*Asks:* 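Handing you this structure, nothing more for now.
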2 protein chains.
Amino acid sequence: MNHHSGSSAKRKPATARGAKTRAKILRAAETVFAERGYEHGSIAEVAKEAQVALGTFYIYFPDKKSAFTELVDELGRKLRASLREATAELEDRLEIERVGLRTFLDFTTDHRGLYRIVRQAEFVDEPTYRRYYTSLAEGYAQALSRAMDKGQIRDLDPETVAFCLMGLADFLGMRWVLWKQAGDDIERTLDSAVKFLQHGLAVAEPPQSSPRRKARASKTKGKKS
Amino acid sequence: MNHHSGSSAKRKPATARGAKTRAKILRAAETVFAERGYEHGSIAEVAKEAQVALGTFYIYFPDKKSAFTELVDELGRKLRASLREATAELEDRLEIERVGLRTFLDFTTDHRGLYRIVRQAEFVDEPTYRRYYTSLAEGYAQALSRAMDKGQIRDLDPETVAFCLMGLADFLGMRWVLWKQAGDDIERTLDSAVKFLQHGLAVAEPPQSSPRRKARASKTKGKKS
DNA sequence: GACGAACCTGAATGGTGATTCATGATTCAG
DNA sequence: CTGAATCATGAATCACCATTCAGGTTCGTC
């Protein structure tokens, strides 16, 4: 129904009590949808998990789907905030990528359930799913573009690189977080992955100690001066 | 029930007529599951699409899920065969990666529907989903490992790199095949992606003549000039 | 100390769809 | 031909929810 941003809720709670109940339901939905999947998880289960009656769910959400999409949007915001915060102080793009990858994997570890939820969104509500990745990719591509202009990284199509890096991170999360196995060494994996992506991005001359290279006039599409 | 490989069918057709009907049903299932999703696609729709009666489905498949998993396994075999064939003649790993990526994207373009099907497998039958990627990754990692031994590419954890490359390809397929947009230029994307991954994999010194050694001093100070 | 808004409850409704099965059609070896 | 092995049919069965709604309950406040 409501294509716009904030109003997926049927009614926003007017009291603290209501807000608390709504939050309880959302957390329960997270648990149920993550464990049983969207299609197999029932509102009855969600209500039970939240320790409220069935009908209570419909006081706060117009239907099953909207609780789900709210979870996806929430996760997107949290992840972007997490990445932003972790890399806020950093200047060098290669360094940012290293920290960003680790942050992503940590985030995934702390939110296994939500990770599964996003992936299901593709088949529950495509627009929500796309929004999750495109909004991530947008900021990513922009940052990469700026780093290219500054000559910090190789000059490539920013959107392409953004998707490459997201896909890489996504699969590492799938394999080393969701499918974690006995002998796995995530540090070794992170190390290899970072080497791979840094060399993929790095400009011809390897960075040594002064990451403040002046932008050589290579092929920069003369953005800022 | 049947954890093993080949017998997802309730009964294998005894006559050519039966085999034909079974195939018709499987193609119909592909269409329906791709268009409507596994959960929303019904056996009734599959039967209708295949132009057989509802009950006929159950002559050839024990249940809905097994037709689906058979599609996923089939796709895995086809994709691996496609990649193997496209790169059979090639020697250089970097070249193989370039061709492999293009082949994957072409394959995806030709099998949009199947692409969607694999992704759903994660929530329909996890083991089938994992099998799809792990069997791909296994061969991939092995090939990478050999290339590392030969000094064709950088020495990294092969499984990690395999997942990085699969993720990268997966996301490019998602964005530039499934989400294809008006102004998109897939050639440009392929070009950027290949540059990225080749630099990520390439050994520090461009291979010249004797690609024999495995690992030498890591921190090669004096880069080539 | 009672009034109303905000909340909460859970049985009942309605719809969907996987799977079964009794019955009929085809095929073909003998 | 003829019967039995195969194959095909689709109405009926059975389970499982999403969503509704006709009442209760709680809480702040005047």
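Residue numbering restarts at 1 for every chain, and letters A, B, ... go by the order of the sequence lines. Quick caveat: nothing in here was measured; it's all calculated off a predicted structure. Hydrogens, waters and symmetry mates play no part in the numbers below; they use all other heavy atoms, side chains included.
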*Asks:* Starting from P on D:dC17, measure out to CG on A:Asp63 and report it in whole angstrom.
*Replies:*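 Distance check: A:Asp63 CG to D:dC17 P gives 17 Å.
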
*Asks:* Could you go through A:Arg22 and A:Ile25, starting from their C-alpha distance and side-chain angles, then the distance that decides it, and tell me whether this counts as side-chain contact (heavy atoms from CB on, under 4.5 Å)?
*Replies:* CA-CA 5 Å; A:Arg22 187 177 195 279; A:Ile25 292 172; 5.8 Å; no

*Asks:* Are B:Arg116 and B:Glu35 close enough for a salt bridge, meaning some N to O gap below 4.0 Å?
*Replies:*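 Between B:Glu35 and B:Arg116 there is no salt bridge, as every charged N stays at least 4.0 Å from the carboxylate O atoms.
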
*Asks:* For B:Lys64 and C:dT19, what is the distance between atoms NZ and P respectively, to the nearest whole Å?
*Replies:*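 Between P of C:dT19 and NZ of B:Lys64: 8 Å.
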
*Asks:* Show your reasoning for whether salt bridge (charged side-chain N to carboxylate O under 4.0 Å, His left out) applies to A:Arg175 and B:Glu159.
*Replies:* CA-CA 10 Å; A:Arg175 169 62 184 80; B:Glu159 193 186 2; 2.7 Å; yes

*Asks:* Please state how far atom CD1 in B:Ile25 lies from atom P in D:dC7, giving the value in whole angstrom units.
*Replies:*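 My rounded result for the distance is 11 Å.
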
*Asks:* Report the distance from atom CZ of A:Arg36 to atom C1' of D:dA18, rounded to the nearest whole Å.
*Replies:*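 For the pair A:Arg36 CZ and D:dA18 C1', the rounded distance is 15 Å.
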
*Asks:* Tell me whether A:Glu97 is salt-bridged to A:Arg102, with the criterion being a basic N under 4.0 Å from an acidic carboxylate O.
*Replies:*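 Looking at A:Glu97 and A:Arg102, the cut-off is not met.
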
*Asks:* Is A:Arg27 salt-bridged to A:Glu74, going by a charged N under 4.0 Å from an acidic O?
*Replies:*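 Between A:Glu74 and A:Arg27 there is a salt bridge, with a charged N closer than 4.0 Å to a carboxylate O.
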
*Asks:* What one-letter contact string describes nucleotides 4-13 of chain C from 5' to 3', where B marks a base within less than 4.0 Å of any protein heavy atom, S marks contact via sugar-phosphate atoms alone, and - marks no contact?
*Replies:* --SSBBBB--

*Asks:* Rounded to the Å, how far apart are B:Tyr38 OH and C:dT16 P?
*Replies:*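 Going from OH in B:Tyr38 over to P in C:dT16 covers 19 Å.
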
*Asks:* Find the distance A:His40:NE2 to D:dA18:P and express it as a whole number of Å.
*Replies:*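 In whole Å, D:dA18 P and A:His40 NE2 are 12 Å from each other.
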
*Asks:* Given atom CZ of B:Phe68 and atom P of C:dG17, what is their separation to the nearest angstrom?
*Replies:*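 Between P of C:dG17 and CZ of B:Phe68: 17 Å.
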
*Asks:* Find the distance A:Phe61:CZ to D:dT20:P and express it as a whole number of Å.
*Replies:*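 Computing the A:Phe61:CZ to D:dT20:P distance gives 15 Å.
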
*Asks:* Quick test of your reading: applying side-chain hydrogen bond (donor to acceptor under 3.5 Å, both in side chains), list the pairs with at least one residue in residues 75-91 of chain B, sequence neighbours left out, ordered by first then second residue.
*Replies:*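 side-chain hydrogen bond (donor to acceptor under 3.5 Å, both in side chains) check on residues 75-91 of chain B returns B:Arg80-B:Ser135.
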
